[in-house]
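Scroll down for the structure; my scribbles are underneath it.
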Protein chains: 2
Amino acid sequence: MKTQELLRDKKLKVTPARIELIELFKREKKPLSYEDIKDTINMDRATFYRNMNKFEEVGLFSVFESNSKIRFFEFKLTPHAHFICIECHSIECIKSLDIKLDGYEVHNMTIKGRCKNCTL
Amino acid sequence: MKTQELLRDKKLKVTPARIELIELFKREKKPLSYEDIKDTINMDRATFYRNMNKFEEVGLFSVFESNSKIRFFEFKLTPHAHFICIECHSIECIKSLDIKLDGYEVHNMTIKGRCKNCTL
DNA sequence: AACTTTAATGCAACTTAGTCGCATTAAATG
DNA sequence: CATTTAATGCGACTAAGTTGCATTAAAGTT
């Protein structure tokens, strides 16, 4: 769906900041934090966070916290788990795990540990 | 194993604060944050965090972050996943999931969403 | 048991990701 | 075009967790 439609569909105003964010995350296809993209985006920190929180509320994005309390945002395509390495801080999308759990409404699943490189 | 042995085994000094923490978490058998126990423990915040971080380093405790960047600590018995409700903020231990992942050294697994009560 | 080394503690000051209030500006609605 | 409604930028703020430092207490040594 086109970005503008996406926003209208969720009854959100179409603004340059929102378009920029959604298009960036659609392109990147991976979880990013404010720190990761602050230099490439053209808006205030508050605007970034307010929009990302809205996007999560309406179900466009998924969000999770890494080690050391940093929030990562990802444009929601197919639901999947994330692996966060506590050593190199890399993040990997894990598509091989089923993220369902009977009786619960699962929003995300994160696994922390040491990644393939860091266990060598 | 007795608390003192546990500490000596990890080459950590046996102090009243450490004994208090380990015995409390052994008793509770569930993840707790500093906020949860600050009024029942007899030590400074810094001492709490420094000790918990040590305990994690040496493998006695497991740690994970809830929503809203709060750290939860748990005395490590059998490894298991945790479910964190984003609505009522309750935490449940999920023993039914296998927390293994080929090629990775898994330290913890957290699932966020809405719990059984909150999806009614 | 006293002596020395090494690490743990308490306190206050600090860090930092994220939030909030408010005045201003820009979308949407009719 | 006028009006309503919500988004933006800015700076001030919040709160969980950390750090520096002087003090105190374990552990190891003679």
Side-chain angles (χ1 to χ4, degrees), chain A residues 2-24 31-39 41-58 60-61 63-74 84 86 89 91 110 112, chain B residues 2-24 31-39 41-58 60-61 63-74 84 86 89 91 110 112:
Chain A
K2 264 182 60 192
T3 302
Q4 298 208 357
E5 291 175 62
L6 223 51
L7 287 167
R8 290 211 189 85
D9 192 57
K10 299 293 183 185
K11 308 222 180 312
L12 295 177
K13 284 189 178 175
V14 178
T15 68
R18 285 177 178 170
I19 292 174
E20 189 183 359
L21 286 173
I22 292 182
E23 308 237 298
L24 186 154
L32 298 166
S33 68
Y34 173 69
E35 203 59 25
D36 289 334
I37 59 168
K38 66 172 182 195
D39 294 332
I41 59 176
N42 209 1
M43 74 194 66
D44 190 66
R45 195 165 27 124
T47 302
F48 170 85
Y49 282 114
R50 276 190 286 233
N51 279 323
M52 298 316 283
N53 287 340
K54 262 257 142 82
F55 293 162
E56 190 200 6
E57 271 173 45
V58 301
L60 284 175
F61 277 67
V63 181
F64 59 91
E65 281 87 33
S66 80
N67 262 46
S68 47
K69 63 216 156 122
I70 293 170
R71 281 168 79 77
F72 281 80
F73 304 90
E74 186 179 31
I84 304 167
I86 58 166
H89 301 282
I91 290 178
T110 65
K112 289 176 192 169
Chain B
K2 261 182 61 193
T3 302
Q4 298 208 356
E5 291 176 61
L6 224 51
L7 288 166
R8 290 213 188 83
D9 191 57
K10 299 293 182 183
K11 309 224 182 309
L12 296 177
K13 284 188 179 174
V14 178
T15 69
R18 286 177 177 168
I19 292 175
E20 189 183 359
L21 286 174
I22 292 182
E23 307 237 299
L24 186 155
L32 298 167
S33 68
Y34 173 68
E35 204 58 26
D36 290 335
I37 59 168
K38 66 172 183 197
D39 294 332
I41 58 175
N42 208 3
M43 74 194 65
D44 189 66
R45 195 166 26 125
T47 302
F48 170 84
Y49 282 113
R50 276 189 286 232
N51 278 322
M52 297 316 283
N53 287 340
K54 257 261 139 90
F55 292 163
E56 190 199 8
E57 269 173 46
V58 301
L60 284 177
F61 277 66
V63 181
F64 60 92
E65 280 87 33
S66 80
N67 263 45
S68 46
K69 61 211 157 125
I70 294 171
R71 282 168 78 76
F72 281 80
F73 304 90
E74 186 179 32
I84 304 168
I86 57 166
H89 302 282
I91 292 177
T110 64
K112 289 176 193 171

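Within every chain, numbering begins at 1; the chains are lettered A, B, ... in the order of the sequence lines, protein sequences first and strands thereafter. As the structure is a prediction and not an experimental result, all values here were calculated from the model.
- When distances run from any side-chain atom of A:Ala46 to the nucleotides C:dT9, D:dG17, D:dG11, the shortest one goes to D:dG11.
- For the OP1/OP2 pair of C:dG18 and a distance below 4.0 Å, the side-chain nitrogens and oxygens of A:Tyr49 include at least one atom meeting the criterion.
- Atoms CE (A:Met52) and P (D:dT8) sit 12 Å apart, rounded to a whole Å.
- For B:Asp44, whose side chain is taken as the heavy atoms from C-beta onward, the closest listed nucleotide among D:dT8, D:dG9, C:dG10 is C:dG10.
- A donor-acceptor contact under 3.5 angstrom links the side-chain atoms of B:Arg45 to the base of D:dG17.
- Closest to the side chain of A:Lys13, from the set D:dT18, D:dT8, D:dA6, is D:dA6.
- In terms of phosphate contacts, A:Asn51 brings no side-chain nitrogen or oxygen within less than 4.0 Å of OP1 or OP2 of D:dA7.
- A distance of 6.0 Å separates CZ in B:Phe55 from CZ in B:Arg18, rounded to the nearest 0.5 Å.
- Residue order along DNA chain C, read from the 5' end via each residue's closest nucleotide, puts A:Ser33 first among A:Ser33 and A:Leu12.
- For B:Lys69, no side-chain nitrogen or oxygen approaches OP1 or OP2 of D:dT14 to under 4.0 Å.
- Atom pair B:Arg18:CZ and D:dA26:P shows a separation of 11 Å (rounding to whole Å applied).
- Within the structure, every side-chain polar atom (N or O) of B:Thr15 is placed at least 4.0 Å from both OP1 and OP2 of D:dA26.
- Not a single donor-acceptor pair, N or O on each side, falls under 3.5 Å between the base of D:dG17 and the side chain of B:Arg50.
- For A:Phe55 and D:dA6, the CZ to P distance is 16 Å, given to the nearest whole Å.
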